[in-house]
Amino acid sequence: MKYYLTTPIYYVNAAPHLGTAYSTFAADLIKRFKKMEGYDPVVLTTGSDEHSLKVERAAQAADVNPLAYTTKMAAEFISQWAKLGIDYDHFIRTSDPKHHETVRWLFERCKKNGYIYKGSYTGAYCVSDEAYVNDVNPGDPCPTCGNPTETVTEENYFFKLSAFQKPLLELYEKSPEFVKPDHRRNEMIAFVQQGLNDLSITRTNIQWGIPAPVEGHHVFYVWFDALISYMSAVKDDDLWPADLHLIGKDILRFHAVYWPAFLMAADLPLPKKIFAHGWILHEDNKMSKSRGNVVRPGPIVDVVGADALRYFLLREITFGQDGSFSYDALIQRYNADLANGLGNLASRTLTMIHQYRNGVIPDSPGSSDIAEAARRTTEITMDAFCEFNFSRGLETLWSFISVIDKFIVERAPWKLGKDTSDFAQKMLDEVLYSAAEALRILSAWTHPVMPNSARNIWIQLGMTAPIESVTFADLHWGKLPAGQKIGSVAAVFPRVDASAIVKMENLEVQEKARQAELFGAAKAAVSSAVTPEASAAAGGEKISIDDFVKVELRVGQVVSAERVKGADKLLHMKVDIGEEQPRTIVAGIAESYPAEAMLGRKVVIVANLAPRKLRGIESNGMIVAASLEGGKPVLAGFLEDVPVGARLK
RNA sequence: GCCGGCGUAGCUCACUUGGUUAGAGCGACGGUCUCAUAAUCCGUAGGUAGCAGGUUCGAGUCCUGCCGCCGGCACCA
């Protein structure tokens, strides 16, 4: 029976970091686990999401065509995955002609079934960026460049998402396994119950995208492109539907709502399961470029190996929840679990077999207590892994390790070795066989999580069949052949000390610089010292002084401020900017600035912004604040005292 | 603001439907063994189960209120 699973396809504007590596590690683990369960073939798809205006611009700035640009970026992912030892089968790029064909095919099917219509899309458009701005109301300032947006209407193709409210709710109801974990499923139900709006699925202002098979220039918009790659990758292989889409919680809605709706519209089978995992936090903070706390996997792999990182992430973090990464915690777990635990068990067991039995596995049925412990360990771990509860599964395996360690100490084989009586020698055989057999089972079990280290132990045990071919049927007690000659012993997880952290941190600095150069190739072509983000933030083009003076910035003083009822972020203020009446301004700053703190405060106001109603209150202007990605706004202010009404220019 | 979740030892978490002195791993401390990677093993310390009430013979477990944290939506950016 086949098993087809996918990672998200990764957007090529940023290099792989710990979060993307995490998704991919987990997918790789599940692939190997499913193989052990006996599924065949087990196919894993990953890839790159390459179309967008932003990519088009970045390529332009780098003075290369978009395909050349994204090829370079995709190559970075491919080389990272190689370094991390990811065993994927397909790397699908959305720029692949095969994918273009699939997208158009799916579009035609949806259209034939009556779920596509041409309509007009009205949205906020930023003239200076020449781009539609999503999730912004017309008249709001553009989030990228800050210029006011305009309301523009454009002919677009729409997907009738609204028609799928009921079918989706039925799907969630009938297939409780479709969205996992359960609380995510509940969120999706709540979201769909609120009603669904049709989706605009094409754009006319983008060149770098998949042309829609319609009159005029229309290119498919992100989700009616990226999602379909899961299908494109295996279109000819009879693998659809996917058994699992593994994703991060941030893109759940697209996978759990849009994607099944597209497929239903096209009358195609639905994926079996969408599993949303959590985020990796860096020392309890969300990783983001603007905070500069992004951790990359490469340096960690260079110092402690990919297996150690994989083990850490999957053991430390309950799969599905957010979790925290720190170099410190990594090293601690490495030493405690891998070096002192599994590594040491392998080392002591194999050394004793060399020492007392000339490197030959003794002939003994082993201890029945240990055999029973092994059986229960497999049973519990199997349940945990089947539910993708990897941390629980690993915990179970490690408690088995401690059972063996305890068993060895109780039987004291080093004493038995000195006792030549038959009884003692038979007992010694039993101890050594039990430990070795436990080790064989443990290495097979840990193979999906730590492929290289597990193979290492497997080979040291003298096993000849490739560990990749092991299935759970091979895990029964007693399958370790007596008389087998074991290999030479070498530490699988040498202990590391705090200097490893320094090494990783130093390498991280280098890796950051390397990636910045790679992904910042645009900067050389644009202008001397601007990064791609900065140039994008500046709108990608220069404006004249005339453009600037159109924006009337004035100093104002807050004369009253109160929270807007029913909104977390809104502050309703009256601001004196030297006019007869104070202006009414509603601003989304309440989370960082309580009303009391605003009273009397001098602020910078965009005075000639078109009025806009927010929660029923007409706002006449906007307060200038630094807006950090994912962070709270910080108000602009002055170091010297400035009279109310003064113009900024 | 609406909906949902969580709050148990220094850290990470467990405790099946309410039932004896609330457990585990890591970390700390003390001891032990010598096969082993200053590893293993044994032991010790450490918890008013967020706070306050209530139901009950009995509550970490059920109910209410409050405090704190998180997620989704709204809203904002």
Side-chain angles (χ1 to χ4, degrees), chain A residues 133-137 140-144 146 181-195 249-250 252-253 276 278-279 281 284 315-318 321-324 326 328-329 332-356 391-392 394-396 398-399 401-418 428 431-432 435 489-497 563-571 586-592 614-616 619 622-623 625-633:
Chain A
V133 182
N134 292 300
D135 306 326
V136 159
N137 291 303
D140 279 2
C142 168
T144 25
D182 292 334
H183 68 275
R184 297 287 164 205
R185 171 170 168 266
N186 294 339
E187 284 173 15
M188 288 303 106
I189 292 171
F191 176 76
V192 173
Q193 274 172 343
Q194 291 190 333
K249 65 181 184 183
D250 48 326
L252 177 60
R253 188 193 302 174
W279 284 333
L281 309 175
D284 298 329
R315 169 63 185 85
E316 183 89 359
I317 301 166
T318 302
Q321 297 188 312
D322 289 356
S324 206
S326 72
D328 218 44
Q332 191 179 312
R333 209 167 254 294
Y334 176 95
N335 281 332
D337 291 4
L338 298 179
N340 299 353
L342 182 58
N344 185 243
L345 177 64
S347 177
R348 69 194 307 201
T349 301
L350 295 165
T351 302
M352 285 190 285
I353 291 172
H354 274 294
Q355 198 164 319
Y356 301 123
S391 54
R392 172 68 67 84
L394 288 167
E395 193 182 355
T396 306
W398 257 254
S399 67
I401 290 176
S402 91
V403 166
I404 309 303
D405 272 330
K406 191 175 196 163
F407 171 74
I408 291 173
V409 168
E410 278 168 0
R411 299 296 177 95
W414 45 94
K415 283 178 186 158
L416 296 171
K418 289 171 190 156
L428 181 56
V431 175
L432 296 180
V489 185
V492 187
F493 303 107
R495 258 185 98 77
V496 296
D497 58 33
R563 289 286 292 269
V564 175
K565 252 202 300 181
D568 284 347
K569 298 183 182 173
L570 292 181
L571 222 48
V586 180
I589 57 172
E591 283 183 315
S592 4
L614 295 169
R615 282 267 155 162
S619 179
M622 133 185 185
I623 294 190
S627 47
L628 307 166
E629 193 185 329
K632 292 179 176 173

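First the proteins, then the strands, lettered A, B, ... as listed; each starts at 1. Keep in mind the model is a prediction, meaning the values are calculated, not measured.
Which of B:G71, B:A14, B:C41 sits closest to the side chain of A:Lys249 comes down to B:G71. Here the side chain of A:Glu187 is nearest to one of B:G71, B:C35, B:C13, namely B:G71. If you check B:C35, B:A39, B:C41 against the side chain of A:Asp405, the one that comes closest is B:C41. Of the candidate nucleotides B:C41, B:A36, B:C13, B:C41 has the atom nearest to the side chain of A:Lys406. Out of B:G71, B:A39, B:C35, the shortest distance to the side chain of A:Trp414 is found at B:C35. Distance from the side chain of A:Gln332 is smallest for B:C26 among the nucleotides B:C26, B:U37, B:G71.
Within the nucleic acid shown, A:Arg333 has no heavy atom closer than 4.0 Å to any nucleic acid atom. Contacts of A:Ser347 with the nucleic acid, taken as non-hydrogen atoms under 4.0 Å apart, include base atoms. Across all strands, A:Val489 comes closer than 4.0 Å to no nucleic acid atom at all (heavy-atom distances).
Residue A:Arg495 places at least one side-chain N or O closer than 4.0 Å to OP1 or OP2 of B:A39. An OP1 or OP2 oxygen of B:C73 is reached within less than 4.0 angstrom by a side-chain nitrogen or oxygen of A:Arg253.
When each of A:Asp337 and A:Trp279 is assigned the nucleotide of RNA chain B bearing its nearest heavy atom, the one mapping closer to the 5' terminus is A:Asp337. Remark on RNA chain B: of its neighbouring residues A:Ala336 and A:Ala346, the 5'-side contact belongs to A:Ala336, judged by nearest-heavy-atom nucleotide.
The list of salt bridge (Lys or Arg N to Asp or Glu O under 4.0 Å) pairs with a residue in residues 339-351 of chain A, not counting sequence neighbours, reads A:Arg348-A:Asp405.
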